[in-house]
Amino acid sequence: MSISIPRGTQDILPEEVELWQQIETKARELCRNYQYQEIRTPIFEHTELFLRGVGDTTDIVQKEMYTFEDRGGRSITLRPEGTAPVVRAFVEKKMFGQAQQPVKLYYMGPMFRYERPQAGRFRQFVQFGIEALGSTDPAIDAEVISLAMNLYKEMGLKKLKLIINSLGDQESRKAHREALVNHFKPRIGEFCHDCQTRLEKNPLRILDCKQDRDHELMKTAPSILDYLNDESKAYFEKVKQYLTQLDIPFEVDAKLVRGLDYYNHTTFEIMSDVEGFGAISTLCGGGRYNGLVEEIGGPNTAGIGFALSIERFIAALKAEGIEPNVGEGIDCYLAAIGQEAKDYTVGLLQQLRLAGFSAERDYLDRKIKAQFKAADRLKAKYVATLGEEELKNNKISVKNMATGEQTELALDAFVEQFLKLHG
RNA sequence: GCGGCUGUGGCGAAGUGGUGAACGCACCAGAUUGUGGCUCUGGCAUUCGUGGGUUCGAUUCCCACCAGUCGCCCCA
């Protein structure tokens with residue numbers, strides 16, 4: 001073994017690519033129906049974008065970014081998530097001014113986070129995500145959630161769990177934040193080191209702490225849902241109403257906070273509910289981020305979106321025993337005996353392919369028997385054999401591999417006659 | 001960043017401190033000198049992750065490192 005693949009990355013081999021493409025195709029199709037358009041942003045951005053966009057108290061920024069200095073001395077970061085880059089493009093290309101509003105975008109591509117790999121976690125992974133910018137209608141929250149749910153369902157996943165929460169607007173968050181600080185401050189010494197830091201920076205995330213989850217103050221902690229002002233409460237109710245209307249079951253979890261700083265109002269997560277799935281069961285996460293566009297330097301614009309990982313999608317499909325459709329066999333394998341015949345197949349092969357058939361031949365100078373074996377492995381529907389006899393008589397033998405039937409076609413009209421035979 | 005487990009041919013997998021490292025699958029060849037899927041026969045690891053140590057001797061014992069894997073933190 002010489003050089004190996006970098007830690008946390010993976011080669012997706014042809015066999016596996018089949019499933020990837022099925023998911024990608026389904027996602028694009030769904031986006032078309034929902035009227036989300038693809039946007040492609042660079043794989044790296046100025047580090048500053050993520051510091052501002054993702055939030056400098058987050059784990060992503062604090063310990064997971066692939067950051068380096070380029071030759072011009074600029075600090076560059078491989079994108080750890082897709083929302084900040086999309087918002088950057090939205091602001092920079094002034095999409096807030098385009099005729100079609102709200103602006104509904106989707107992206108699909110690799111993201112990078114420097115983490116210790118484990119089941120369902122990679123250093124390079126592929127996210128599919130959508131963003132709807134410029135609307136505060138709760139119906140679009142439901143639309144975003146439903147797109148993700150429908151993608152999973154259409155690929156065959158059954159065991160899904162949707163969890164939603166509302167963090168409320170600025171005013172509600174502020175009131176809740178104060179209540180949290182007052183609640184934890186007197187006894188913060190009993191909490192883990194991280195929580196002590198969180199108290200000042202982002203007390204909301206204390207609720208998310210797994211280490212101190214059993215502490216009595218956790219159970220009595222003020223719930224965000226009790227601090228939503230009337231407007232926020234009404235908004236959340238409307239989102240839930242639409243989800244119900246769409247027959248999408250959900251669970252409300254007031255502790256669902258999400259790791260990124262920019263969220264407000266609706267947050268949600270879709271988890272796999274399959275027995276024996278890895279420790280990481282979150283398939284998709286998202287939420288509303290009404291202040292983010294302004295933070296990045298654009299006009300006050302509402303936004304909501306989600307991101308899901310294709311790797312975890314595939315893991316969930318496998319956990320539920322869903323197999324990709326196996327590829328069809330090839331139409332014709334050209335077997336040849338003797339150099340003259342082998343030379344002749346070069347042209348025939350091209351004719352077949354240009355006529356729309358999938359066709360293959362032997363390139364390892366194998367014997368006829370081995371060529372048939374290869375054809376069988378390719379699940380060839382027909383094998384056309386060309387030898388001295390055929391060449392002499394301007395014929396080519398064509399065998400139907402399923403029935404074993406063999407017929408002869410005119411060599412100089414092979415493709416036309418094969419077209420009829422193949423149907 | 002921390003912890004558990006693992007590291008033998010293309011893949012799966014047994015094994016022992018001491019001449020030649022089971023077996024299965026896959027692959028290749030032949031039986032069948034121009035025809036696949038079945039069967040039979042034969043072939044296929046100067047070598048047991050890397051480096052060091054213990055020993056007369058190590059794939060097997062010890063240490064370090066590396067890699068994989070699962071979990072913690074956190075996330076997609």
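Order of the sequence lines sets the chain letters (A, B, ...), proteins ahead of strands, with each chain counted from 1.
Put simply, the side chain of A:Glu269 and the base of B:A76 share no donor and acceptor less than 3.5 Å apart.
A:Glu389 comes within 4.0 angstrom of a nucleotide base, judged by non-hydrogen atoms across all strands. Using a 4.0 Å heavy-atom criterion, one finds that A:Arg123 contacts no nucleic acid atom at all. Within the 4.0 angstrom heavy-atom criterion, base atoms lie near A:Gly120. At the heavy-atom level, A:Glu311 lies nowhere under 4.0 Å from the strands shown. Residue A:Ala307 is in sugar-phosphate contact alone, with no base atom involved, counting any heavy-atom pair closer than 4.0 Å across all strands shown. Counting any heavy atom pair closer than 4.0 Å across all strands shown, A:Phe122 reaches a base atom. A:Ile280 comes within contact range of at least one nucleobase, with a heavy-atom separation under 4.0 Å. Here A:Arg116 lies in heavy-atom contact (under 4.0 Å) with a base.
No side-chain donor-acceptor contact under 3.5 Å links A:Tyr227 and A:Glu178.
Taking the nucleotide of RNA chain B with the nearest heavy atom to each of A:Phe277 and A:Leu386, the more 5' of the two is matched to A:Leu386. Comparing A:Gly387 and A:Ser281 by the nucleotide of RNA chain B whose heavy atom lies nearest to each, the residue mapping closer to the 5' end is A:Gly387.
Of the candidate nucleotides B:C73, B:A67, B:C74, B:C73 has the atom lying nearest to any side-chain atom of A:Gln118.
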Restricting both atoms to N or O, compile the protein contacts to nucleotides 35-41 of chain B shorter than 3.5 Å, with distance only.
{"from": "B:U35", "atom 1": "O2'", "to": "A:Lys399", "atom 2": "NZ", "distance (Å)": "3.3"}
{"from": "B:U35", "atom 1": "N3", "to": "A:Gln406", "atom 2": "OE1", "distance (Å)": "3.2"}
{"from": "B:U35", "atom 1": "N3", "to": "A:Gln406", "atom 2": "NE2", "distance (Å)": "3.4"}
{"from": "B:U35", "atom 1": "O4", "to": "A:Gln406", "atom 2": "NE2", "distance (Å)": "2.8"}
{"from": "B:G36", "atom 1": "O2'", "to": "A:Asp376", "atom 2": "OD2", "distance (Å)": "3.4"}
{"from": "B:G36", "atom 1": "N7", "to": "A:Lys399", "atom 2": "NZ", "distance (Å)": "3.2"}
{"from": "B:G36", "atom 1": "N1", "to": "A:Met401", "atom 2": "O", "distance (Å)": "2.5"}
{"from": "B:G36", "atom 1": "N2", "to": "A:Asp376", "atom 2": "OD1", "distance (Å)": "3.0"}
{"from": "B:G36", "atom 1": "N2", "to": "A:Met401", "atom 2": "O", "distance (Å)": "3.1"}
{"from": "B:G36", "atom 1": "N3", "to": "A:Asp376", "atom 2": "OD1", "distance (Å)": "3.1"}
{"from": "B:G37", "atom 1": "O4'", "to": "A:Asp376", "atom 2": "OD2", "distance (Å)": "3.4"}

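Taking atom CD of residue A:Glu15 and atom C1' of nucleotide B:C11, one finds them 12 Å apart after rounding to whole Å.
Contact between the side-chain N/O atoms of A:Arg121 and the OP1/OP2 oxygens of B:C74 is not found at any separation under 4.0 Å.
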